[in-house]
Amino acid sequence: MIAFKSRLKDAIAERLRAVYPDLGELDMAPTPDPKMGDLALTFPFTLAKTLRKAPRAIALEAAPLLASVEGVVKAEVAGGGFLNLWLDRTAVLTEAVRLAGRTDLGPDEGKIVIEHTNINPNKAAHIGHLRNACLGDTLARCLRYKGERVEVQNYIDDTGVQVVDVVFGLMELEGLTVEDLERLPGKFDYYCWDLYARASAYLAAHPEAQARKSAIMKNIEHARDPEYGLSRYVSRRIVRAHLATMARLGISYDVLPCESTILHLKFWEKAFDLLKERQAIYLAADGENKGCWVMRLEEDEEREKVIVRSDGTVTYVGKDIAYQLWKFGLLGLDFHYEPFAEDKGRTLWISTAEPSAASPGFGRATKVYNVIDTRQSYLQKVVVQGLRSLKYDTQAAKSVHFSYEMVALSPKSLGELGYAASAEEKERAYLEVSGRKGLGVKADDLLDRLEAKALAEIEKRNPDLPGDEKRKIARDIATGALRYFMLRYARNSVIVFDFEEALSFEGETGPYLQYTAVRLASIFRKLKERHGLAEADIVPPADGGFRFPAALAEAEQADAWDVLLTAASLDEEVLRSVAGLEFAHLAKHAFLLCQKFNGYYHKYPVLAEENTEIRTFRLLVLRTVKEQLHGALGLMGISAV
RNA sequence: GCGCCUGUAGCUCAGCUGGAUAGAGCGUCGGACUUCGAAUCCGCAGGUCGCCCGUUCGAAUCGGGCCAGGCGCGCCA
């Protein structure tokens with residue numbers, strides 16, 4: 001469809017330029033109503049001024065020029081000067097049917113690195129993390145679909161203060177050792193969720209305990225046990241819990257770069273040398289940042305951002321600049337790796353400081369996406385500016401902050417979580433999720449609830465299915481519901497989480513899409529049973545050309561055309577979604593396709609149709625929709641059940 | 001104070017680089033299952049697109065101003 005449209009546009013522009021040399025960029029858009037044709041041209045309006053003619057007169061004059069363009073069957077003037085085109089349905093659909101379930105898109109980059117998830121390894125994943133992972137994973141799927149080489153990194157901050165807080169809690173509040181933790185019942189990430197909240201509260205209430213926490217932090221830094229062993233145990237075990245949670249959603253990674261490795265391998269020191277050498281940062285001689293290495297901010301000449309503190313330690317941004325340099329292969333240093341997990345024959349690697357035989361070769365990207373919520377926009381800007389200050393303008397331009405708004409909690413959901421909100425908090429329209437406060441909806445809890453609800457529905461509908469199958473379907477529906485929920489909102493809109501909304505399986509939801517896919521599958525199953533015809537047999541005539549049956553009613557032809565045109569626009573929607581990092585487009589497109597298909601299906605029975613020519617035609621429509629819908633679902637990580 | 005984002009139906013949200021009569025879902029009300037799966041489909045009702053100016057043949061969309069809300073702006077991560 002993309003190829004067809006661009007050929008058409010070129011042909012039309014060429015035709016018009018011969019008569020109107022002043023024609024600018026040709027605007028070609030769908031008409032508001034299929035009755036008005038397929039595509040609308042608006043150039044008569046823009047030419048009206050220079051030609052000093054009424055738009056309608058120009059349109060009337062131009063119409064005959066276009067009626068003979070290949071791919072166009074009719075050109076008609078509408079409204080004040082729109083020129084509407086009717087496309088050659090047979091030509092368009094021949095291509096659409098041939099490409100169903102495939103794509104002719106190609107890559108634009110050498111290699112793309114996507115960083116997403118990045119959950120602090122000290123507590124269970126919550127709904128905010130799910131939004132990040134779903135967006136990042138969908139981006140990865142879309143880029144791979146269009147043929148890009150993609151590497152997904154999940155950065156593990158295993159030496160940060162959040163892990164320290166939990167170690168503090170284990171040692172000071174619980175008095176537990178690694179051996180004790182090994183015997184702890186229940187979900188470890190849930191245990192840490194509560195402990196982290198308790199440790200945070202304790203530290204806030206007992207300022208004198210800060211000294212003890214600092215001592216713990218120092219011991220972790222210098223790899224001294226028991227602190228170091230505990231931190232290592234906690235972070236590794238929690239990472240495995242996060243991976244398990246994400247695996248429930250079909251989300252996986254290629255490599256886990258760890259903060260601890262970055263420290264051990266002295267990535268920062270190398271970056272520091274580079275920054276100094278190229279004078280991207282300087283030592284502040286006086287002022288409030290005296291004794292710090294700072295970076296001047298481009299957009300605000302007055303301000304400077306501290307990169308190295310006066311005590312010589314590096315800030316978060318500094319480390320991030322080093323990591324970003326590594327992603328582009330600009331640091332001149334590399335990690336070592338060892339296998340961390342196996343998933344469906346694929347190895348997930350984790351960074352390590354010790355040299356090892358394996359060198360899978362990560363990084364060296366030509367483009368980098370960092371999936372991080374919008375609150376970090378400022379810091380992400382600073383990181384990119386760091387690259388620019390180092391004269392890596394190309395890489396700076398290809399460093400993309402995929403930002404999105406947070407997932408917050410509705411007042412109603414606070415009640416369901418048993419959270420006692422303060423008077424001030426009750427005034428607010430929503431409340432931020434806070435790991436520190438232990439306030440949030442845990443990802444696994446939500447998935448469990450979705451699965452339970454789906455299972456109950458399945459019990460009602462298909463009580464005879466084997467238990468295993470019921471559970472598998474319930475899992476698929478739960479992830480479908482959740483992943484669609486995370487994609488359906490534009491990234492700039494705050495999702496105010498509400499259980500009722502998230503647990504819905506009706507209307508614009510993942511299960512609606514899955515249900516549509518199931519219907520399609522079941523028609524083909526019945527086709528096999530009743531007529532002995534396999535889906536693969538439903539192909540256009542041997543010459544590859546698409547034809548409407550002669551006996552087909554005009555209304556049905558229009559309806560089928562509408563459905564197929566929508567199905568054929570998947571690639572356009574993918575490109576649009578990737579370009580704008582707006583996967584709500586993809587979600588809405590899949591939903592629209594299902595709506596249109598369901599309408600078609602309702603109106604035109606397939607298996608009961610006696611005219612074989614018409615039945616075969618309808619089956620071809622169905623097969624095309626099915627292929628494209630499966631494609632769309634796959635990109636969103638939603639199983640077709 | 002400065003920067004970014006948001007304001008569209010009762011609720012939750014779409015509306016692509018300006019385009020024709022502003023659309024979905026939920027909810028309300030009313031219909032459609034002996035049929036290819038009713039997690040569905042069809043219909044009714046519901047809108048001064050926050051407000052004001054401007055640009056334009058044409059503005060929910062672009063520009064300016066105001067109002068309201070959110071988030072950032074650390075030698076925290």
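Worth saying up front: this structure is predicted, and the values here are computed from it rather than measured. To find a chain, count down the sequence lines: A is the first, B the second, and so on, and within it residues start at 1.
Distance His602(A) NE2 to U40(B) C1': 8 Å, rounded to the nearest Å. Rounding to whole angstrom units, NE2 of residue His585(A) and C1' of U17(B) are separated by 11 Å. Atom OH in Tyr430(A) sits about 12 Å away from atom P in U12(B), given to the nearest Å.
Between Lys603(A) and C41(B) there is no side-chain N or O to OP1 or OP2 distance below 4.0 Å. Put simply, Arg309(A) has a side-chain N or O that comes within less than 4.0 Å of OP1 or OP2 on A77(B). Listed pair Ser493(A) / A14(B) meets the phosphate criterion, a side-chain N or O lying under 4.0 Å from OP1 or OP2. An OP1 or OP2 oxygen of C36(B) is reached within less than 4.0 angstrom by a side-chain nitrogen or oxygen of Arg530(A). OP1 and OP2 of C5(B) both lie 4.0 Å or more from every side-chain N or O belonging to Tyr404(A). The side chain of Gln595(A) contributes an N or O atom lying less than 4.0 Å from OP1 or OP2 of G25(B).
Aromatic ring pairs are classed by plane angle as parallel below 30°, tilted from 30° to 60° and perpendicular above 60°; the pair Trp268(A) and Phe272(A) is parallel. Ring geometry for Phe45(A) against Phe82(A) counts as perpendicular: the plane angle is over 60°, on a 0 to 90° scale with 30° as the lower cut.
Counting non-hydrogen atoms under 4.0 angstrom, Lys290(A) reaches a base of the nucleic acid. As judged by a 4.0 angstrom heavy-atom cut-off over every strand, Arg576(A) is placed among the base-contacting residues. Looking at heavy-atom distances under 4.0 Å, Arg303(A) makes contact with sugar-phosphate atoms alone, never a base. Among the protein residues, Ser377(A) comes within range of no part of the nucleic acid, since none of its heavy atoms lies under 4.0 Å from any strand. Contact annotation for Leu379(A): base contact, defined as any heavy-atom pair under 4.0 Å involving a base atom. Note on Leu592(A): nothing from the nucleic acid sits closer than 4.0 angstrom, heavy atoms only. Glu288(A) comes within 4.0 angstrom of a nucleotide base, judged by non-hydrogen atoms across all strands. Among the heavy atoms of the strands lying under 4.0 Å from Tyr378(A) are primed sugar atoms or P, OP1, OP2 only; no base atom is included. Ile458(A) comes within 4.0 angstrom of a base, heavy atoms only. Among the protein residues, Asn84(A) comes within range of the nucleic acid bases, having at least one heavy atom under 4.0 Å from a base atom. At a threshold of 4.0 angstrom between heavy atoms, the contacts of Tyr512(A) are confined to the sugar-phosphate backbone, with no base atom among them. Within 4.0 Å (heavy atoms only), Phe524(A) reaches no atom of the nucleic acid at all. Counting any heavy atom pair closer than 4.0 Å across all strands shown, Arg428(A) reaches sugar-phosphate atoms only and no base atom. Residue contacts shown for Ala408(A) are absent, as no nucleic acid heavy atom lies under 4.0 Å away.
Between the side chain of Ser310(A) and the base of C75(B) there is at least one donor-acceptor pair of N/O atoms closer than 3.5 Å. With hydrogens and angles ignored, no donor-acceptor pair closer than 3.5 Å exists between the side chain of Arg375(A) and the base of C71(B).
Taking only side-chain atoms of Tyr489(A), from C-beta outward, the nucleotide of G19(B), C13(B), G25(B) with the closest atom is C13(B). Comparing atom distances between the Tyr316(A) side chain and each of C13(B), C41(B), A77(B) picks out A77(B) as nearest.
A stacked arrangement is not assigned to Phe45(A) and the six-membered base ring of G58(B), the conditions of a centre distance below 5.5 Å and an interplanar angle below 30° not being jointly met.
Between Glu298(A) and Lys381(A) no salt bridge is recorded (no basic side-chain N to carboxylate O distance below 4.0 Å). Salt-bridge check for Glu405(A) with Arg131(A): failed, with every basic side-chain N at 4.0 Å or more from each acidic carboxylate O. Using a cut-off of 4.0 Å between Lys/Arg side-chain N and Asp/Glu carboxylate O, Lys460(A) and Glu457(A) are scored as salt-bridged. Checked for salt-bridge contact, Arg576(A) and Glu573(A) meet the test: a charged N lies under 4.0 Å from a carboxylate O.
Each of Thr313(A) and Thr516(A) lies near RNA chain B, and the nucleotide nearest Thr516(A) is the one positioned closer to the 5' end. Closest-nucleotide positions on RNA chain B for Val314(A) and Glu573(A) were compared, and the one nearer the 5' end corresponds to Glu573(A).
Spacing between G23(B) and G15(B) at atom P, rounded to whole Å, works out to 15 Å. When the P atom is used for both C52(B) and C26(B), the distance is 33 Å, rounded to whole Å. Nucleotides G54(B) and G69(B) are separated by 28 Å at their P atoms, to the nearest Å.
Between the side chains of Arg483(A) and Thr479(A), no donor-acceptor pair of N or O atoms lies under 3.5 Å.
C67(B) has its base anti relative to the sugar, with a glycosidic angle deviating from 0 by more than 90°.
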